[in-house]
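Notes follow the structure.
Numbers here simply count residues along the sequence, with the first being 1. In this text, all values refer to a predicted model and were calculated from it rather than measured experimentally.
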Amino acid sequence: MGRYVIRRLLQFIPTVLGTMFLLHYMTSLAIQFSGNPVRALFGDRTPPPALLQAITERLGYGDPCLDKRGDPCLWREAESGSGWLGTGYEPGLFFDRLGNIFFHFDFGINLRQREVTDLVADAIPFTLKLLVIAIVFEAVVGIAAGVLAGLRGGSFTDYLVKISTVFVISVPIFVLGVVVREFVGVKFGNVLRGQDWIPDVIASGMFSPGFKPDYPFASLIIPGMVLGAVSLATTARLTRTSIMENIRADYVRTAKAKGLTNKRVIGVHTLRNSLIPVITFLGVDIGAAMAGAVVTETIFNVPGIGRLVTMSARTGESSVVVGVVTMLVLVVLLANLLVDLLYAVLDPRIRYE
């Protein structure tokens, strides 16, 4: 087990480096084609050249490679002429970022000169709450619906689960989010807010059209359910298929022949083995949920990581985009490793050597 974990951790290195390079290159291209993002700080005013240059250098946008379209900013000409290993070049902007991140844990600053780590620290609690709501919602409701459908194949419940899940999967999350916000948060919420007997935490918090700082958890319930809705449908269908396959297995018939109760046969033997592909999907879905959080947080105005990345991409703050997405990649990789280790808990036959 220990050697397996070490191998997986070593595999993180090329994945993280490749992701960082792609992010670095795309953000560099954006600056090269759209111009210096520092100019956005002055609006319609024309700043003094000396002031513009000083702020540009301070924010890390003064590298000459950012003026050359298509340059990946890997190397720069050395001042002394010798450079790295006598090539006349030295590591460029990309390697500077790697050194700052891995050796100094410095992810840079945004246009308002705030540390990226501080921005992430302020935004991550909202995204974590949103993800927890989404994962719990899709896991509990999805698995329960899948078990009911799998145990009653061909019944009304089975057809209801199949039809409803196909409908939910076919609706994009940005469409679902806007529809839920308008009909649940605005119209239905206005009806609730007009009733004096309904508590404010429900009327103004849970059923609000957007995030409310006065109700930091209640106002995240609806966005979290929207975020987990598409994955809930997939979880339900996957659980249903797995239950219907395992319910006919030899070990289930043996358990029934031994006189075990139906609750124990289903809850311990059948469901435990059926959850292996579901756990796999839930682990991989963490990355998809983070991607969906970008849309969900923007629609419901949640000040989380997704909205932070969206706003930073619009303003051309490359250091924020690279830093935040790198952190998210590490979280997804660790989540996938944890899911793989959970296989041995669900199925004792699985061992990692």
Distance-minimising heavy-atom pair for Leu308 and Ala123: CD2-CB, 4.5 Å
Would you call the rings of Phe94 and His24 parallel, tilted or perpendicular, taking 30° and 60° as the class edges? tilted
Looking only at heavy atoms, which two atoms of Gly185 and Pro209 are closest? And how far apart? O-CD, 3.6 Å
Give a yes-or-no answer on whether the side chains of Thr270 and Asn246 include a donor-acceptor pair shorter than 3.5 Å. no
Is the number of heavy atoms from other residues, nucleotides or ligands within 6.0 Å of CZ (Arg39) greater than 12? no
Is there a donor-acceptor contact under 3.5 Å linking the side chains of Arg237 and Ser242? no
Can Leu334 and Leu338 be said to form a side-chain contact (heavy atoms from CB on, under 4.5 Å), step by step? CA-CA 6 Å; Leu334 290 174; Leu338 179 61; over 6 Å; no
Presence of salt bridge, Lys212 and Asp200, under 4.0 angstrom: no
Should we count OH of Tyr251 as having more than 12 external heavy atoms under 6.0 Å? yes
So, Phe105 versus Phe103, ring centres under 6.0 angstrom or not? no
Please lay out, stage by stage, how Arg76 and Asp71 fare under the test salt bridge (charged side-chain N to carboxylate O under 4.0 Å, His left out). CA-CA 10 Å; Arg76 67 169 68 95; Asp71 191 335; over 6 Å; no
Are the charged groups of Arg97 and Asp106 less than 4.0 angstrom apart, N to O? no
Report the C-alpha separation of Arg181 and Ser208 in whole Å, then their side-chain angles, then the decisive distance to 0.1 Å, and conclude whether the side-chain contact (heavy atoms from CB on, under 4.5 Å) test is met. CA-CA 8 Å; Arg181 185 190 63 185; Ser208 63; over 6 Å; no
Going by atom types alone, do Thr56 and Asn36 pair a side-chain donor with an acceptor below 3.5 Å? yes
Answer yes if the side chains of Glu115 and Thr117 hold a donor-acceptor pair under 3.5 Å, and no otherwise. no
May I ask you to decide if the ring planes of Phe21 and Tyr25 are parallel, tilted or perpendicular, using 30° and 60° as cut-offs? parallel
